[in-house]
Amino acid sequence: MASTEVLQADVLVIGWGLAGLVATAEAVSAGKRVILLDQEPRSNLGGQAWWSFGGLFLVDSPEQRRMGVRDSLALAEQDWWGTAGFDRPEDLWPRRWAEAYLDFAAGEKRAWLRGKGMSFFPVVGWAERGGYGATGPGNSVPRFHITWGTGPGVVAPFLRDVERAEAEGRVTILPRHRVTGLLPRDGAIGGAEGQILAPSGSARGRPSSREVVADFQITAGATIVASGGIGGNHDLVRQAWPDRLGTPPERMLAGVPAYVDGSMMQTAAASGARVINSDRMWHYVEGLHNVDPVWPAHGIRILPGPSSLWLDARGTRLPVPLYPGFDTLGTLAHLRRTGFDHSWFVLSSRIVEKEFTLSGSEQNPDLTGKDLPLLIRSRLGKGAAGPVQAFLDHGEDFVVRDTLDDLIAGMQALPGGDVLDGAQVRREVEARDREVENPFTKDAQIAMLRSARAFRGDRLIRTAAPHRLLDPKAGPLIAVRLGVVTRKTLGGIETDLDGRALGEGGSAVPGLFAAGEASGFGGGGVHGYRALEGTFLGGCLFSGRAAGRGAAAAV
């Protein structure tokens with residue numbers, strides 16, 4: 001093995017996802033010399049954010065007002081508190097972070113991002129609709145602003161700033177550097193040490209070699225941990241799984257690459273940082289096996305409109321208000337208590353062409369590529385969008401049939417379909433169809449559909465006009481087998497509003513900062529128990545900015 005590489009910087013940033021890039025850009029703009037490292041090949045710059053749909057939570061934005069949405073900071077606070085459910089002594093700093101983030105989302109966030117060159121799709125999405133009372137969880141109004149360019153469009157301005165600083169000699173980017181420990185120095189954290197991995201030509205998200213070729217040691221006045229959560233390590237996910245969400249699945253799809261393993265949170269804890277709220281997590285129950293997987297068990301999430309009929313593994317409809325897109329963790333908890341790892345959507349082709357969007361930059365070439373003609377054809381034209389059609393044609397979780405009997409037989413033929421009660425499926429579909437034939441209904445989902453279409457964005461591109469699933473003109477029928485896809489760690493390293501990592505007793509660990517998912521998107525869990533969507537990327541932006549500025553001020 002080669003001799004140890006020894007380097008020095010003002011600020012060391014561990015992890016080059018969105019939070020790490022923002023922190024680096026902020027520290028450089030404050031005149032500091034920065035080393036930015038990651039264990040993966042340089043092809044992975046931007047981390048998980050690059051793969052994302054690019055949704056951002058904004059409050060009372062021009063996009064909302066143009067769509068007729070009346071939003072306010074007070075309404076957003078009501079929704080956040082009802083969703084987060086803060087109830088622990090450990091929620092002191094998460095609550096303060098939430099207050100600060102809401103002020104940011106209702107204030108300078110949009111102007112700051114616009115100043116970086118970012119822009120937004122004009123139709124605002126309505127994610128996590130709730131369906132409970134006014135003070136319960138969920139977004140009272142649409143707040144999901146899709147970045148023009150999706151995830152790569154969010155990453156681009158910060159990557160541009162970092163690479164410009166690299167060309168000027170103010171930033172050093174070190175791929176294939178895996179941190180194994182933080183360095184103590186004079187009662188503070190003074191950098192990190194670890195292993196240099198063999199060079200790798202692996203494409204973004206693909207597994208890379210773990211062959212060690214050398215060691216390294218980096219000293220720095222401030223060290224920022226921005227290394228992500230645990231979603232790629234399913235053993236850790238199961239270990240942290242709380243009783244309130246039922247039993248952990250035996251089989252899960254991976255919504256993030258395998259390198260998202262949570263190792264740096266454990267390393268920070270070993271150096272005195274306090275990791276809190278580890279039992280809080282965010283996983284989706286609309287997961288599909290990717291038809292073109294990048295990493296092992298690669299799962300894609302459906303971003304569903306509200307019309308699909310949602311059935312459990314046996315064919316029983318989910319209870320009010322567990323409809324598609326309404327309450328992610330409420331649905332997860334309900335389904336985990338059924339004893340099965342899958343559930344079903346039953347819908348029509350008319351619904352799939354209007355309501356199905358697949359999460360991720362690679363699944364939305366029109367928005368990612370900023371291709372307006374393609375966007376018009378795919379979002380407003382007849383038929384399913386190209387990526388959705390690929391799943392209809394080749395996805396192992398899809399059944400497409402002309403009749404309900406044939407659809408049920410196709411569902412039963414898939415792995416796990418043997419427990420499906422076909423007679424129950426028929427009862428649920430036919431009962432739902434009877435309710436939709438009149439303008440009056442006791443079916444809360446149908447009432448919500450009609451309410452949703454009062455929002456111009458839903459009526460235009462997101463929600464199909466209510467109709468009978470068994471209407472031949474709306475066919476063929478479609479069933480989709482859904483699984484759990486891992487995504488976000490909601491707890492993490494406890495931090496103050498400057499991004500300083502806190503230890504037992506609430507005192508700062510000198511020289512150590514944290515940002516992004518490693519810090520629970522701020523404070524050790526800014527979301528509490530649940531998230532409002534569009535707040536993960538926003539949490540990386542906000543916490544990365546705070547940590548970068550805080551670290552620069554500390555050096």
In the structure I gave you, are the side-chain heavy atoms of [X] and [Y] within less than 4.5 Å of one another anywhere?
| X | Y | value |
| --- | --- | --- |
| Ile14 | Thr223 | yes |
| Leu367 | Ile146 | yes |
| Thr486 | Val260 | no |
| Leu532 | Asp79 | yes |
| Leu37 | Val13 | no |
| Leu75 | Arg143 | yes |
| Leu45 | Glu163 | yes |
| Leu21 | Val155 | yes |

Exercise for the section: Quick one: list whatever passes side chain to side chain contact (heavy atoms under 4.5 Å, CB included) with Ala165, sequence neighbours left out. Expected result: Val28, Arg170, Val171
Handout entry: Results of side chain to side chain contact (heavy atoms under 4.5 Å, CB included) for Arg110 - residues two or more places apart only
Key = Leu58, Ser61, Pro62, Glu63, Arg114, Phe120
Reported [atom1]-to-[atom2] distance for the pair [X] and [Y], which is rounded to 0.5 angstrom:
| X | Y | atom1 | atom2 | value |
| --- | --- | --- | --- | --- |
| Asn290 | Ile300 | CG | CD1 | 4.0 Å |
| Met118 | Leu56 | CE | CG | 5.0 Å |
| Leu303 | Asn364 | CG | CG | 7.5 Å |
| Leu490 | Arg280 | CG | CZ | 8.5 Å |
| Ser202 | Arg176 | OG | CZ | 7.0 Å |
| Glu286 | Leu332 | CD | CG | 10.0 Å |

Which residues share a side-chain hydrogen bond (donor to acceptor under 3.5 Å, both in side chains) with [X], sequence neighbours left out:
| X | value |
| --- | --- |
| Tyr101 | Lys109 |
| Arg487 | none |
| Thr368 | Thr150 |
| Lys488 | Gln48 |

Practice task
Take Ser208 and Leu197 through the side chain to side chain contact (heavy atoms under 4.5 Å, CB included) test and state the conclusion after the steps.
Solution key: CA-CA 9 Å; Ser208 60; Leu197 305 179; 5.8 Å; no
Minimum heavy-atom distance between [X] and [Y], given as atom pair plus value:
| X | Y | result |
| --- | --- | --- |
| Ala547 | Ala514 | CB-O, 3.9 Å |
| Pro137 | Arg530 | CG-NH1, 3.9 Å |
| Pro296 | Pro207 | CD-CG, 3.9 Å |
| Thr147 | Gly54 | OG1-O, 2.8 Å |
| Ala254 | Val485 | C-CG2, 3.9 Å |
| Asp60 | Arg65 | O-NH1, 2.5 Å |

Side-chain ion pair, [X] and [Y], N-O less than 4.0 Å:
| X | Y | value |
| --- | --- | --- |
| Asp327 | Arg129 | no |
| Arg96 | Glu494 | no |
| Glu40 | Arg210 | yes |

Taking atom types as modelled, find out whether [X] and [Y] have a side-chain donor-acceptor pair closer than 3.5 angstrom.
| X | Y | answer |
| --- | --- | --- |
| Thr83 | Glu128 | no |
| Gln8 | Thr219 | no |
| Asn277 | Arg88 | yes |

Problem - Phe86 six-ring centre to Arg95 NZ/CZ under 6.0 Å and within 45° of normal - result: no
Problem - side chain to side chain contact (heavy atoms under 4.5 Å, CB included) assessment of Leu497 paired with Trp97 - result: CA-CA 7 Å; Leu497 291 178; Trp97 270 90; 3.7 Å; yes
Exercise for the section: Walk me through it: do Gln363 and Thr357 pass the test side chain to side chain contact (heavy atoms under 4.5 Å, CB included)? Expected result: CA-CA 8 Å; Gln363 300 295 336; Thr357 298; over 6 Å; no
Tell me which pairs pass ring-ring contact (aromatic ring centres under 6.0 Å, His included) where either residue lies in [range], with sequence neighbours left out.
| range | result |
| --- | --- |
| residues 131-174 | Trp112-Phe158 |
| residues 7-61 | Trp51-Trp295, Phe57-Trp80 |
| residues 501-526 | Phe521-His527, Phe521-Phe536 |
| residues 169-210 | His177-Phe216 |

Exercise for the section: Apply side chain to side chain contact (heavy atoms under 4.5 Å, CB included) to Leu174 and Leu7, showing your working. Expected result: CA-CA 11 Å; Leu174 299 176; Leu7 300 169; 3.6 Å; yes
Completion exercise
Across all chains, not counting sequence neighbours, the ring pair (Phe, Tyr, Trp, His ring centres under 6.0 Å) partners of Trp241 are His283
Exercise for the section: Would you confirm whether Ser507, through its side chain, and Gly503, through its main-chain N or O, come within 3.5 Å as a donor-acceptor pair? Expected result: no
Exercise for the section: Sorted by first residue and then second, give each side chain to side chain donor-acceptor pair (under 3.5 Å) pair with at least one member in residues 544-555; sequence neighbours left out. Expected result: Glu26-Arg549, Glu108-Arg545
Practice task
Check the pair Asp38 / Tyr259 against side-chain hydrogen bond (donor to acceptor under 3.5 Å, both in side chains), numbers first and verdict last.
Solution key: CA-CA 10 Å; Asp38 197 283; Tyr259 61 73; over 6 Å; no
